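Nothing here was measured: the structure is a model prediction, and the numbers come from that model. Any value given below was found using the heavy atoms of this structure, including those in side chains, with hydrogens, waters and symmetry copies removed.
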Amino acid sequence: MKSYIAALFVFFFIWCYIGKAAKGEGLGASFIFGDSIVDAGNNNYLPSLSKANIPPNGIDFKASGGNPTGRYTNGRTICDIVGEELGQPNYAVPFLAPNSTGKAILYGVNYASGAGGILNASGRIFVNRVGLDIQVDYFNITRKQIDSLLGPSKARDLIMKTSIFSVTIGANDFLNNYLLPVVSIGSRITQSPAAFVNDMITHFSDQLIRLYQLDARKFVIANVGPIGCIPYQKTLYQSNEDECVELPNKLALQYNAKLKDLLTELNENLPGATFVLANVYDLVSDIITNYENYGFTTSSKACCGNGGQYAGIIPCGPTSSLCSDRSSHVFWDPYHPSEATNLIIAKKFLDGDTKIISPMNLRQLRDL
């Protein structure tokens, strides 16, 4: 009898959930791929040198009571905020977490991994991380689980009609691969920047097509931000406060131009798919340049970190110096934005115009 009641409850939940999704009330599910910018805790479950499960990371994350969750920021990630605004009742669970089973996955799953990249070699200095190839493999597992929960027909409706697939990746392919100090000198001699960028684009195209073949239809793809402006790079190259490191930004712009062309091509050639480009580079560049207009007091120094003028060498941890007002800093640590910055970015992606997100914003993509 108990098992019958439990089964009835599960059936009722699924029926209500699919009915809600079909009526367009909120987002069906959010499937998140990428690197540490959007990792919600997958690296907690890896023997990796890239982790954020130590304080004061998460100090402003209300859902955990201010305890670290593995998010590389003081509060919510961009994807957390977008999910809330689009009507997601729960945050997407990290794929590697023990609770990423059963009905929890119907709200979405986060596959992102700190130090992960488009290319499998990216981030190898951190030992373990989940690159995008493996993240797509993991989604294939989730896809079969959703089939089992809902049946093939309703599963396809959930995935194709009401779910959004977001991919935020590429920075580690430069910072922790092609531009890695000392280690990467050999590869830079044998491979030109243009050839490296082309390699990234070819791999990324294959990965996005694999997701399409698994029924993904609504995509938001972030380009690479101004990585030459992060506190780590500015500290490493001893830049002036109003200067960024030229080469990383130049490479990011080369990649971003090719990415824009790729998404145009995919929109034309993959029936039923919508690829939205999130212009992180221009938006974050504007925040960094005009930080005072956004309510910040610095766009150079990390709130949490140590080393050099911009606290940009040693990652955030219990012994780090910590700023007194976390909302006044564009950057939380040597690499990642603060929650205050994430909030600005998320709102622009949700409701912004085509200069920042094109061909439509995320509310429009949800309702498509």
Side-chain angles (χ1 to χ4, degrees), residues 30 32-84 88 90-101 104 107-116 123 125-130 135 138 166 168-169 171-172 175-176 230-232 301-307 310-343 345-346:
S30 177
I32 299 162
F33 304 80
D35 54 29
S36 55
I37 295 290
V38 292
D39 186 353
N42 280 305
N43 277 28
N44 295 354
Y45 305 96
L46 297 173
S48 173
L49 297 178
S50 177
K51 286 180 182 284
N53 59 344
I54 52 173
N57 292 295
I59 191 171
D60 299 307
F61 190 65
K62 292 178 181 177
S64 68
N67 293 312
T69 62
R71 287 166 169 82
Y72 293 74
T73 185
N74 57 306
R76 294 166 294 171
T77 68
I78 297 164
C79 289
D80 291 331
I81 297 162
V82 166
E84 289 176 358
Q88 197 79 48
N90 296 312
Y91 297 126
V93 292
F95 177 82
L96 295 178
N99 64 336
S100 64
T101 59
Y107 296 116
V109 180
N110 185 311
Y111 307 90
S113 171
I125 192 174
F126 295 100
V127 186
N128 281 298
R129 73 282 176 212
V130 182
Q135 292 182 33
Y138 285 166
S166 68
T168 305
I169 206 160
N172 285 307
L175 295 176
N176 293 308
I230 64 175
Y232 166 70
K301 190 173 183 180
C303 172
C304 182
N306 285 109
Y310 308 114
I313 297 296
I314 301 171
C316 181
T319 60
S320 299
S321 62
L322 184 65
C323 68
S324 57
D325 182 4
R326 297 180 287 277
S327 65
S328 68
H329 284 57
V330 172
F331 289 98
W332 163 243
D333 65 11
Y335 303 92
H336 307 99
S338 64
E339 184 187 54
T341 304
N342 285 340
L343 195 57
I345 296 170

Checklist outcome for this item: By salt bridge (Lys or Arg N to Asp or Glu O under 4.0 Å), Arg129 pairs with (sequence neighbours left out) none

Checklist entry - Within a strict 4.5 Å, meaning less than it, do heavy atoms of the Phe331 and Ile230 side chains meet? => result yes

Checklist entry - How about Asn342 and Ile81: do any of their side-chain heavy atoms sit closer than 4.5 Å? => result yes

Checklist entry - Taking Asn306 for the side chain and Ile314 for the main chain, is one N or O donor matched with an acceptor at less than 3.5 Å? => result no

Checklist entry - Roughly how far apart are Asp35 CG and Ile169 CD1, rounded to 0.5 Å? => result 5.5 Å

Checklist entry - Is the closest side-chain heavy-atom distance between Tyr335 and Cys316 below 4.5 Å? => result no

Next on the checklist: Show the nearest heavy-atom pair for residues Gly58 and Ser64, with the distance to one decimal.
Outcome noted: O-OG, 4.3 Å

Checklist entry - Is the backbone of Val38 close enough, under 3.5 Å, to the side chain of Thr77 for a donor and an acceptor to pair up by distance? => result no

Checklist entry - If you round to the nearest 0.5 Å, how far is OG of Ser30 from CG of Asn90? => result 12.0 Å

Checklist outcome for this item: Distance col, row Leu322:CG vs Asn74:CG, nearest 0.5 angstrom, shows 9.0 Å

Checklist entry - Taking Asn44 for the side chain and Thr69 for the main chain, is one N or O donor matched with an acceptor at less than 3.5 Å? => result yes

Checklist entry - Hey, what do you get for Cys304 versus Cys323: SG atoms under 2.5 Å apart or not? => result no

Next on the checklist: Under a 3.5 Å distance rule, please check whether Lys51 uses its side chain to pair with a backbone N or O of Asn43 as donor and acceptor.
Outcome noted: yes

Next on the checklist: Please tell me whether Arg71 and Thr73 have a donor and an acceptor in their side chains that are separated by less than 3.5 angstrom.
Outcome noted: no

Checklist entry - How far does CD1 of Ile78 sit from CG of Asp80, to the nearest 0.5 angstrom? => result 10.0 Å

Checklist entry - Quick one: does Asn110's side chain have a donor or acceptor within less than 3.5 Å of a partner on Asn42's backbone? => result no

Checklist outcome for this item: Taking every heavy atom of Asp333 against every heavy atom of Pro231, the minimum-distance pair comes out as O-CG, 3.9 Å

Next on the checklist: Using 0.5 Å steps for rounding, measure from the CD1 atom of Ile313 to the OH atom of Tyr232.
Outcome noted: 6.5 Å

Next on the checklist: Looking at Ser321 and Gly305, would you say the former's side chain and the latter's main chain have a donor-acceptor pair under 3.5 Å?
Outcome noted: yes

Next on the checklist: Less than 4.5 Å apart, side chain to side chain, heavy atoms only: is that true for Val127 and Ser48?
Outcome noted: no

Checklist entry - Can you find a heavy atom in the side chain of Val130 that is under 4.5 Å from one in the side chain of Tyr45? => result no

Next on the checklist: Using side chain to side chain contact (heavy atoms under 4.5 Å, CB included), reason through Leu46 and Phe126 one step at a time and then give a plain yes or no.
Outcome noted: CA-CA 11 Å; Leu46 297 173; Phe126 295 100; over 6 Å; no

Checklist outcome for this item: Taking every heavy atom of Ile32 against every heavy atom of Ala92, the minimum-distance pair comes out as CD1-CB, 3.9 Å

Checklist outcome for this item: Of all heavy-atom pairs linking Gln88 and Tyr107, the shortest is NE2-O, 2.5 Å

Next on the checklist: Testing the basics here: between Asn176 and Ile125, what is the closest heavy-atom pair and its distance to 0.1 Å?
Outcome noted: OD1-CG2, 4.4 Å

Item to check | Closest heavy-atom pair and its distance - Gly114, Ser50 | outcome: C-OG, 3.7 Å

Next on the checklist: Could you tell me if the side chain of Ile37 sits less than 4.5 Å from the side chain of Pro337, heavy atoms only?
Outcome noted: yes

Checklist entry - Heavy atoms, side chains only, cut-off 4.5 Å: are Gln135 and Phe95 in contact? => result no

Item to check | Arg326 vs Ser338 side-chain heavy atoms within contact, under 4.5 Å | outcome: no

Next on the checklist: Tell me if the centroids of the rings in Tyr138 and Tyr111 come within less than 6.0 Å of each other.
Outcome noted: no

Checklist entry - Side chains of Ser36 and Asp39: is there a donor and an acceptor less than 3.5 Å apart? => result no

Next on the checklist: Classify the ring geometry of Tyr72 against His336: parallel below 30°, tilted from 30° to 60°, perpendicular beyond 60°.
Outcome noted: tilted

